[in-house]
> 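Mind having a look at this structure? Questions to follow.
Within every chain, numbering begins at 1; the chains are lettered A, B, ... in the order of the sequence lines, protein sequences first and strands thereafter. Keep in mind that the numbers below use all heavy atoms, side chains included, and drop hydrogens, waters and symmetry copies.
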Protein chains: 2
Amino acid sequence: MTGTRWLDEHEMAAWTAYLAASHLLERRIEEQLKAEAGLTHAQYEILARLSAAPGGRLRMTELAHGVVASKSGLTYQVGRLEAMGLVTRETCPSDERGVLAVLTGAGAACLERTAPGHVAVVRTLLIDLLEPRELETMTRVMRKVEAALRDAPPSR
Amino acid sequence: MTGTRWLDEHEMAAWTAYLAASHLLERRIEEQLKAEAGLTHAQYEILARLSAAPGGRLRMTELAHGVVASKSGLTYQVGRLEAMGLVTRETCPSDERGVLAVLTGAGAACLERTAPGHVAVVRTLLIDLLEPRELETMTRVMRKVEAALRDAPPSR
DNA sequence: TAGGTGTAGTTCGAATTCGAACCAAAGGGA
DNA sequence: TCCCTTTGGTTCGAATTCGAACTACACCTA
């Protein structure tokens with residue numbers, strides 16, 4: 001208990017840079033999506049995931065896992081999207097309890113309309129700033145982090 | 001308007017890995033701090049910033065900038081911390097409008113008590129997963145992102 | 001020194017998020 | 001076939017966040 005390994009100068013620099021960058025990036029994305037499409041980043045992510053899924057449909061739990069939200073948080077956002085007409089709910093045929101979130105035509109259209117602006121932001125504020133080497137390293141690193149977090153769930 | 005440069009396979013992999021990892025990491029940190037110290041990550045960051053500042057005090061605006069929060073968000077959190085006795089407010093001697101957030105003895109003690117557990121999480125879920133090269137790249141990348149975001153404020 | 005512009009923080013209302021508690025259906029023995 | 005545990009989603013309440021509007025003070029200029 002006595003020996004805490006503190007972060008040295010370089011480690012601290014990495015951590016603070018990461019914190020600032022990730023918060024700023026999130027804020028900017030949020031702002032851009034809200035202004036241009038009236039969507040939250042969370043909502044956009046849901047639409048994007050559904051669009052990539054076969055049949056434009058996913059089980060709520062899978063979706064929650066994919067977008068990294070709590071179950072209740074996903075329920076709320078799918079409710080919002082449903083009210084906007086971008087998503088519908090269907091009960092899962094194979095499991096009466098299950099619910100499928102389904103992308104509607106309007107949802108697909110909204111995504112198509114919104115994606116270019118969003119991608120542009122992600123590009124200019126992250127992707128295009130990186131050398132190929134850096135992009136590769138970043139992917140490797142983030143995957144390690146994700147794996148570490150998904151493996152050792154402390155309570156969830 | 002016709003030609004959107006979409007993300008290619010590798011770029012998309014980097015982006016999705018980043019999104020997942022950053023959300024998961026944030027959630028875990030939040031959970032650990034809440035459980036062990038009853039603090040939000042935002043609150044911890046405020047205490048840490050104050051602790052690092054000369055005299056344990058900072059102007060509200062500087063603090064908001066440092067922790068990347070909105071002015072109103074910072075007002076709220078400093079209010080919370082004040083209620084917990086970890087921070088006090090003083091009016092700035094040189095500028096009657098200004099407010100200084102000041103770390104109290106209890107605040108310093110709380111931080112001291114809390115820091116080891118927090119650092120441990122940051123280490124095991126991020127820092128210790130990286131090779132020295134990767135840490136260096138990560139720092140460079142995040143600084144580029146931060147600079148890009150701080151330079152081109154679209155509205156803020 | 002009076003007026004106008006800009007800056008520092010706070011207040012207010014709306015939206016979002018989470019976890020805990022809850023309900024319903026599935027699945028697996030005895 | 002009848003519990004009993006597990007799993008899938010929703011509901012509810014509390015906390016947090018943001019932006020817009022607002023107040024008060026500072027600074028510059030005529």
Side-chain angles (χ1 to χ4, degrees), chain A residues 22-24 26-35 38-46 57-84 87-102 153-156, chain B residues 22-24 26-35 38-46 57-84 87-102 153-156:
Chain A
S22 61
H23 285 165
L24 286 167
E26 183 60 26
R27 278 159 77 76
R28 185 65 64 89
I29 287 173
E30 207 75 52
E31 174 186 0
Q32 190 273 331
L33 280 172
K34 189 61 72 184
L39 289 177
T40 298
H41 190 195
Q43 291 166 354
Y44 180 92
E45 277 301 309
I46 291 172
R57 62 193 61 222
L58 280 173
R59 286 289 289 269
M60 293 295 276
T61 300
E62 275 182 281
L63 196 45
H65 182 266
V67 303
V68 186
S70 64
K71 291 189 300 177
S72 55
L74 185 67
T75 295
Y76 173 77
Q77 284 300 357
V78 168
R80 297 270 39 222
L81 291 169
E82 201 173 19
M84 297 183 221
V87 161
T88 8
R89 279 179 225 244
E90 295 179 8
T91 54
C92 179
S94 65
D95 185 340
E96 198 63 26
R97 303 168 294 179
V99 172
L100 289 167
V102 187
S155 62
R156 188 168 40 85
Chain B
S22 60
H23 285 163
L24 286 167
E26 183 60 27
R27 279 159 78 76
R28 185 66 64 89
I29 287 172
E30 207 75 51
E31 174 186 1
Q32 189 272 333
L33 280 172
K34 188 61 72 182
L39 288 178
T40 297
H41 190 195
Q43 290 165 356
Y44 180 92
E45 277 301 310
I46 291 171
R57 62 192 63 220
L58 280 173
R59 286 288 289 270
M60 294 294 276
T61 299
E62 274 183 282
L63 195 46
H65 182 266
V67 302
V68 187
S70 64
K71 291 189 300 178
S72 55
L74 185 67
T75 294
Y76 174 77
Q77 284 301 357
V78 169
R80 298 267 44 223
L81 292 169
E82 200 172 19
M84 297 183 220
V87 161
T88 7
R89 278 179 224 244
E90 295 179 7
T91 54
C92 180
S94 64
D95 185 341
E96 198 62 27
R97 302 167 296 177
V99 172
L100 289 166
V102 187
S155 63
R156 185 169 46 83

> Reading DNA chain C from 5' onward, which residue's closest nucleotide shows up sooner: A/D95 or A/G73?
A/G73

> Determine yes or no for a side-chain-to-main-chain donor-acceptor pair under 3.5 angstrom, with A/E30 supplying the side chain and A/H41 the backbone.
yes

> When you match B/L100 and A/E96 each to their closest nucleotide on DNA chain C, which lands nearer the 5' end?
B/L100

> Between A/G98 and B/L74, name the one whose nearest nucleotide on DNA chain D is closer to the 5' end.
A/G98

> Using side-chain contact (heavy atoms from CB on, under 4.5 Å), reason through A/R80 and A/T40 one step at a time and then give a plain yes or no.
CA-CA 10 Å; A/R80 297 270 39 222; A/T40 298; over 6 Å; no

> At 4.0 Å (heavy atoms only), tell me whether B/Q43 reaches a base, stays on the sugar-phosphate, or touches nothing.
sugar-phosphate

> Taking the side chain as every heavy atom from C-beta outward, state whether A/R59 and A/L100 have any atom pair closer than 4.5 Å.
yes

> How would you give the extent of chain A contacts on DNA chain C, as first and last nucleotide 5' to 3' within a 4.0 Å heavy-atom cut-off?
C/dA15 to C/dA26

> Enumerate donor-acceptor pairs with a distance under 3.5 Å from any side-chain N or O in residues 71-79 of chain B to protein atoms, sequence neighbours excluded.
from, atom 1, to, atom 2, distance (Å)
B/S72, OG, B/S70, OG, 3.4
B/T75, OG1, B/K71, O, 3.2
B/Q77, OE1, B/Q43, NE2, 2.8

> Output the single nucleotide from D/dG8, D/dA24, D/dT11 whose closest atom is nearest the side chain of B/R97.
D/dA24

> Taking all atoms of both residues into account, what is the closest heavy-atom pair of B/A101 and B/L63, and its distance?
CB-CD2, 4.0 Å

> What contact category does B/Q77 fall into here, base, sugar-phosphate, or nothing, at under 4.0 angstrom with non-hydrogen atoms?
sugar-phosphate

> Do the side-chain N or O atoms of A/R59 get closer than 4.0 angstrom to the phosphate oxygens (OP1, OP2) of D/dG9?
yes

> Enter the distance from B/I29:CD1 to B/E45:CD here, rounded to the nearest 0.5 Å.
8.5 Å

